[in-house]
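Data block below; observations after.
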Amino acid sequence: MSQFVEVLSGLIQENGLNAYTLSKKLNLSDTTITRYLNGERLPTRGTLVKLADYFNCTTDYLLGLDGEDRANGFVTAPPFDERIKFLIEKSGLSKRQFCIKCKISEGSLYCWLQGRGEPYVDALIKLAAFFNSSVDYVIGREK
């Protein structure tokens, strides 16, 4: 989480912003941005994409998973329920096996499949590790 805080803080500073101005630009509460900057919370998939789109960077760079920003244009991320169905199909596993291999709860998976809620960063990172891919790939943002 500290890498996310460092990268986000750096991007805010580089762009001459503060938590309040960024929150207004992204239609988020300033408390949400402040919690990210204090390391109290990680964003959901939707907020992560908003941040990466705003700063024109990869989600992996924003999360501190990739030290170099390899942004080269992205497609609009599909709803996560569609993306997770694609990922399960690609894995060739049953839903239960998929949860076990990816180390995510079955309850979370079923919420995502029904379009209720979005995964937090920790789940996205687990999925990216399972697929040996970027978080942007898991989200469906990568070309």
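Quick note: numbers below take in every heavy atom, side chains included, and nothing from hydrogens, waters or symmetry partners.
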Open item on the list: Other residues, nucleotides and ligands only: do more than 12 of their heavy atoms fall within 6.0 Å of CG on Asn38?
Closed with: yes

Open item on the list: For the backbone of Thr32 and the side chain of Arg41, can you confirm whether one donor and one acceptor N or O come within less than 3.5 Å of each other?
Closed with: no

TODO: Please report the closest heavy-atom contact between Pro78 and Gly140, naming both atoms and the distance.
DONE: CD-O, 3.6 Å

Open item on the list: If you count heavy atoms of other groups shown closer than 6.0 angstrom to CD of Gln114, is the number above 12?
Closed with: yes

- [ ] Looking only at non-hydrogen atoms, find the nearest pair between Leu37 and Ser9 and report the distance.
- [x] CD2-OG, 3.4 Å

- [ ] Check whether any side-chain N or O of Ser23 sits under 3.5 Å from a backbone N or O of Tyr20 as a donor-acceptor pair, and report yes or no.
- [x] yes

- [ ] Under the salt bridge (charged side-chain N to carboxylate O under 4.0 Å, His left out) rule, collect the residues that match up with Glu106, sequence neighbours excluded.
- [x] Arg96

- [ ] Enter the distance from Lys103:NZ to Leu127:CG here, rounded to the nearest 0.5 Å.
- [x] 12.0 Å

Task: Tyr110 side chain reached by Lys95 side chain, heavy atoms, under 4.5 Å - done: yes

- [ ] Fit a plane to each ring of Trp112 and Phe80, take the angle between them on a 0 to 90° scale, and name the class: parallel (under 30°), tilted (30 to 60°) or perpendicular (over 60°).
- [x] perpendicular

Task: Side-chain (Gln97) to main-chain (Ser94) donor-acceptor, under 3.5 angstrom - done: yes

TODO: Applying side-chain contact (heavy atoms from CB on, under 4.5 Å), run through Thr59 and Val138 and close with a yes or a no.
DONE: CA-CA 10 Å; Thr59 57; Val138 168; over 6 Å; no

Open item on the list: Quick check for you: to the nearest 0.5 Å, what is the distance between Leu65 atom CG and Ile125 atom CD1?
Closed with: 5.0 Å

Task: Pairing residues for Ser134 by the side-chain contact (heavy atoms from CB on, under 4.5 Å) criterion, not counting sequence neighbours - done: Asp60, Asp136, Tyr137, Glu142

TODO: Would you list the pairs meeting side chain to side chain donor-acceptor pair (under 3.5 Å) in which at least one residue belongs to residues 121-132, sequence neighbours left out?
DONE: none

Open item on the list: As an exercise, state the distance from CZ of Arg35 to CG of Leu28, rounded to the nearest 0.5 Å.
Closed with: 12.5 Å

TODO: Check salt bridge (charged side-chain N to carboxylate O under 4.0 Å, His left out) between Asp53 and all other residues, then give those that pass, not counting sequence neighbours.
DONE: Arg141

Open item on the list: Under the rule for side-chain hydrogen bond (donor to acceptor under 3.5 Å, both in side chains), what residues qualify as partners of Asp81, not counting sequence neighbours?
Closed with: none

- [ ] Please list, chain by chain and in numerical order, all residues satisfying side-chain contact (heavy atoms from CB on, under 4.5 Å) with Val7, sequence neighbours excluded.
- [x] Leu11, Tyr61, Leu62

TODO: State, to 0.1 Å, how close Ala77 and Arg45 come at their nearest heavy-atom pair, and which atoms those are.
DONE: CB-NH1, 3.6 Å

- [ ] Could you list the residues that satisfy side-chain contact (heavy atoms from CB on, under 4.5 Å) with Tyr54, not counting sequence neighbours?
- [x] Leu17, Leu22, Lys25, Leu26

Open item on the list: Once salt bridge (charged side-chain N to carboxylate O under 4.0 Å, His left out) is applied, do any residues pair with Arg116, and if so which ones, sequence neighbours excluded?
Closed with: none

- [ ] Give a yes or no on whether Lys101 atom NZ has more than 12 heavy-atom contacts from other residues, nucleotides or ligands under 6.0 Å away.
- [x] no

Open item on the list: Quick check against the 3.5 Å criterion: does Glu118 have a side-chain atom that pairs as donor or acceptor with the backbone of Thr44?
Closed with: no

- [ ] Examine Ile139 and Tyr120 and state if one hydrophobic cluster contains both, with Ile, Leu, Val, Met, Phe, Trp and Tyr joined whenever side-chain heavy atoms are less than 4.5 Å apart.
- [x] no

- [ ] State which residues pass side-chain hydrogen bond (donor to acceptor under 3.5 Å, both in side chains) with Ser133; sequence neighbours excluded, sorted by chain then number.
- [x] none

Open item on the list: Set out, in order, the CA-CA distance, both residues' side-chain angles and the distance that settles side-chain contact (heavy atoms from CB on, under 4.5 Å) for Phe4 and Val121, then state yes or no.
Closed with: CA-CA 10 Å; Phe4 170 69; Val121 167; over 6 Å; no

Open item on the list: Is any side-chain heavy atom of Tyr36 closer than 4.5 Å to one of Thr47?
Closed with: yes

Task: Spatial distance of atom CG (Leu113) from atom OG (Ser108) [nearest 0.5 Å] - done: 10.5 Å

- [ ] Go through the structure and list residues passing side-chain hydrogen bond (donor to acceptor under 3.5 Å, both in side chains) with Ser91, not counting sequence neighbours.
- [x] none

Task: For Thr76, side-chain hydrogen bond (donor to acceptor under 3.5 Å, both in side chains) partners two or more places apart - done: none

Open item on the list: I'd like to know if Ile88 and Ile100 are part of one continuous hydrophobic network [Ile/Leu/Val/Met/Phe/Trp/Tyr, side-chain heavy atoms within less than 4.5 Å].
Closed with: no

Open item on the list: Would you compute the distance between atom CD1 of Ile33 and atom CG of Asn18 and round it to the nearest 0.5 angstrom?
Closed with: 10.5 Å

Open item on the list: Minimum heavy-atom separation for Cys99 and Leu109, please, with both atom names.
Closed with: SG-CD2, 3.4 Å

TODO: Quick one: pull up SG in Cys111 and CD1 in Ile84 and give me the separation to the nearest 0.5 Å.
DONE: 12.5 Å

Open item on the list: Quick check on side chain to side chain contact (heavy atoms under 4.5 Å, CB included): which of Leu51, Leu8, Leu124, Leu48 does Leu63 satisfy it with?
Closed with: Leu48

